[in-house]
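Each remark here refers to the structure printed beneath this line.
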Amino acid sequence: MSNSSATLSGSPPGSGKSTTGRNVLAWVLHNVVWIWLVALVVLFGLFNQFFFTVFNLQNVMVQATVLGMLGLAVALPLMVAEIDLSIPANLGFSSAIGALAYSELGLPWFLAMLVGVGVGTLIGFFNGLCITKLRMVSLIQTLAMMIILEGALLAITQGRTITNLSDGYVWIGQATVGGWPIMPVVFIAAIVVVGIMLRRTVLGRSIYAVGGNATAANSAGIRVDRVKIAAFTIAGCLAGLGGFLLASWQMAITSSQGSSYLLYAIAAPIIGGISVFGGRGNVIGVLGGVLLLTVIQVGLAIVNVPSFYVGMIGGFMIFIAVAIDAIRVRYFG
Amino acid sequence: MSLQSSQSEKGDVVLRVEDLGRTYGAVIALQNVTLDIQRGTIHGLLGENGAGKSTLVGLISGQRKPTSGTIYLNGKPIEHADVKSMEHAGVFLVTQEPMIVDHLDAAENLMLGIWPSSKGFVNWRTLRADAARMLEGTGIDPRMRADKLDAVARRKLNILRAMFSGGNVIILDEPTTSLDADDRTELFGFMRRLKAEGVTFIFISHYNDEILEICDAVSVLRDSRLAGGTKDMSTMTSEALSELVLGRGLDLFQRKRQDFGVESARIEIRDVAAQGVRLEALDLHPGEIVGFTGLPGSGAKELARALFGLIPSSSGSISLGGTQGTRLPGHPTEAFDRGIAFLSDDRRRDGLVGQMSIDQNLSLSSLSRLSKLNFIDFGEIRSISARYFELMGIKAPGGDVQVDTLSGGNQQKVCLGRVMATEPRLLILDEPTRGIDVGVKQDVLRIIDDLASRGVAVVIVSTDIDEICRSVDRVCVFAGGDVVEEITGADITNQRLRQRQTA
């Protein structure tokens, strides 16, 4: 007993065989997002050979890019045990500002793009300030911010779609190298950068500590408020970048740009293992969640499911993924 | 107080466990435990973390099923014991974490889940009347919101709740954790009153003095077995209890006291004003261990927190190592940077990040020191973590074990390791040995002693007088936010400090 007093985490040693079986099951459940992803790819492929084509793979990657930027952005506030619902609205609004800076102020497209990303970053920073310094509840504060930004976008566009974007601005959304779209490279770069930030920097470890136990983090010498503000600010920056990518890809900014992404942008990181209670998860998980949701969307479109059923079936698939994950947490911690 | 008075005589056996055992796979958690608990007594249960106390209590309260043996209640064997049937029979477990809903008032908390009702509607009049009757004479206002109640009132509320549900054997799992001396006395008085009414208590504690003070009988568990016990507390001593707990004589730590002359004054604290603190001057010496004592609100704890920047100070300066005095730190980050480290008295709340590993917790306060351009030097981190893992004698399979799964004593060692890893010049420890068993306590005191011998000034804030006596060079007694008396050398005695505290 003196040994087991040191740690209570180990499962009781049973016979070798059942332990192995249990380990396999634990491994399967831990990687359920990836297994589910592979299973769905195979399933969709069996329904329609087109799913396995290079063209479709490229399509999935491009579709995953914008959702991925949003998913990463949503993940950061979640990791410090807060939430930012305004991120998809931020994406739409900041890209419209960027477009206006080009068309109204006559800035070069690159500067105009930076203005857009800057506005997104500032909105994230402002959200962080409200939540830390004013102690506003992030769920409601960012809900209000979402409504404000969606309304502002509608007001700016007057309900019309912005299409007068410069060639340079839309380049990244259209360009290909050897037939492969280059837009996904931005998402991959973002994953690498955020991943390194979380794993290797003081800020990253502080984010995990603050999300795990904010009081303990504070007395451990971590400035909790600053860490939270940083998480929101980076999230805003990612939303701004996502806004640029979406506008560039679609070559247009609608009066409700981004708002349809809200629920998927929140679902993706959570499916990927980011805890809503903070302190848990990593970028690879977010990538898995994003790819899973994208494959479901694209796959359902390709296998010719009548559009009236797409939402429902997609919802069921997400539900199954989350239910399996809940079972994993219940039995394997 | 409406207690279902039992028909049976006081002094007979209310609960008997016979040859009780429990295994988990190949792990033996409890083995051949036989003991009798007399009605209307307070029965102490003592043992190191992992000795089998929780298992025994879990079996008695029906949370787990025994793999062998029988539990008798009022002479009848209990079959298929689960929590519901044990509670029905009157056995209740009151855990460390008070099960209280903060935004409901005391009366409703008392009745939570057992609301008097008809057809699904709560009968508020009966609820209020019953609650008022139960709370009479306990000093708890039935209308008071639970989050406004103090710690001792919350403990009482849980005990009353168990009684109102028909409980007459109540198991208290470390009920004195985070209570100060006064609250503890009050809780003990409350328990004695209920005992006189025929309630039986099983009382789990880490503290010998508590067991000696309140228990009528004691049983000690060691390595999953009953190590011994007595039904006659008059012959029991603290040393004998420790020996039963450890299975060997306890090598009580005793510091070789040193006298630091005025000459070597190095750390000067001046004119501190903060919530609850109004201190003129205090000098500390490198290598010295100073004890801070005082009643709650006397300023001892508050000064400790202000020095570390955990509570804001409106004025005050500190100079470390002969330099010009500078403003007290405004935030723990600044304190660590300047060589001031602090260990909180509540490790679960603000000492550890439970879901992180031992290594990650050990290095948490040193991250910025161990990084270049904000990028962490993982090699450094690994070597620092390994060093403090070793130095603190943490018992775990490895540094990657999640801190949540460690025992209390090991968690405390991780906390202490974390603050020591910042290599402070002034280390402030708030109740460093609270809630850890007596063997680990000595380890912790030795580590602190060793640290001081390497030139670190250490402050220990403690309400444990025995411990203060054995581990410090000088005692500062606090009252009204300032040091009112300093005791040094041979004058530091148990008696003197006790006198001082009650005065």
Side-chain angles (χ1 to χ4, degrees), chain A residues 1-16 18-19 22 79-81 193 195-227 230 234 273-275 277-282 329 332-333, chain B residues 23-30 48-52 55 223-224 308 310 331-337 341-344 346-356 360-361 363-368 370-371 373-376 378 394-397 401-402 404-407 409-410 418-419 422:
Chain A
M1 200 58 201
S2 55
N3 285 334
S4 60
S5 69
T7 167
L8 304 168
S9 66
S11 48
S15 66
S18 73
T19 310
R22 203 179 148 80
M79 292 184 82
V80 292
V193 170
I196 289 175
M197 185 274 286
L198 285 175
R199 235 202 96 62
R200 306 206 74 93
T201 69
V202 174
L203 175 63
R205 299 325 294 174
S206 302
I207 284 174
Y208 282 104
V210 167
N213 182 347
T215 333
N218 181 59
S219 22
I222 292 166
R223 295 188 188 263
V224 172
D225 283 1
R226 287 189 196 173
V227 171
I234 299 169
I274 303 280
S275 166
F277 303 109
R280 271 177 208 266
N282 56 49
V329 173
F332 296 95
Chain B
T23 54
Y24 296 95
V27 179
I28 297 163
L30 199 70
E48 285 190 283
N49 296 328
T55 308
D223 296 337
S224 319
F308 184 59
L310 262 183
H331 186 274
T333 314
E334 221 182 303
F336 279 123
D337 286 348
F342 173 82
L343 181 67
S344 154
D346 189 342
R347 59 175 170 268
R348 259 172 246 216
R349 190 169 58 86
D350 57 9
L352 294 164
V353 184
Q355 53 193 235
M356 285 186 152
Q360 284 170 341
N361 271 284
S363 58
L364 196 57
S365 292
S366 317
L367 284 181
S368 24
L370 301 178
S371 63
L373 295 170
N374 215 9
F375 277 82
I376 294 167
F378 277 94
I394 294 164
K395 288 201 187 72
V401 170
Q402 201 172 317
D404 268 344
T405 63
L406 298 178
S407 67
N410 277 305
R418 171 174 64 76
V419 293
T422 64

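Naming convention: chains lettered A, B, ... in sequence-line order (proteins, then strands); numbering from 1 in each chain. Just so we're clear, the structure is a prediction, and the values are computed from it rather than from any experiment.
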Review point. Any donor-acceptor pair under 3.5 Å linking the side chain of B/S371 with the backbone of A/V202?
Key: no
Check your understanding: Which region of B/Q360, side chain (C-beta onward) or backbone (N, CA, C, O), has a non-hydrogen atom less than 4.5 Å from a non-hydrogen atom of chain A, or is it both or neither?
Key -> side chain
Point to revise | Side-chain touch B/F375/A/I196, heavy atoms, less than 4.5 angstrom | key: yes
Review point. Can you name the nearest heavy-atom pair linking B/S365 to A/A220, along with the distance?
Key: OG-O, 2.8 Å
Check your understanding: Pick from B/R418, B/H331, B/R347: which one has the most heavy-atom pairs with chain A under 4.5 Å?
Key -> B/H331
Review point. Does any N or O in the side chain of A/N213 come within less than 3.5 Å of the main-chain N or O of B/L352, such that one atom is a donor and the other an acceptor?
Key: yes
Study note, to complete from the structure: Interatomic distance, CD1@A/I222 vs CG@B/L364, rounded to 0.5 Å, equals 4.0 Å
Check your understanding: Is there a side-chain contact between A/N218 and B/L310, using heavy atoms and a 4.5 Å cut-off?
Key -> yes
Point to revise | chain A contact via B/F336 - side chain, backbone, both or neither, heavy atoms under 4.5 Å | key: side chain
**Study point:** Interface residue of largest heavy-atom contact number with chain A, from B/F342, B/F308, B/F378, under 4.5 Å
**Key:** B/F378
Revision key, fill the gap. Note: A/G221 and B/P332 closest approach over all heavy atoms is CA-CB, 3.8 Å
Review point. Under 6.0 Å from the CZ atom of A/R223, do we count more than 12 heavy atoms belonging to anything else shown?
Key: yes
Practice item. Can you measure from CZ (A/R205) to CG (B/L370) and round to the nearest 0.5 angstrom? Key: 13.5 Å
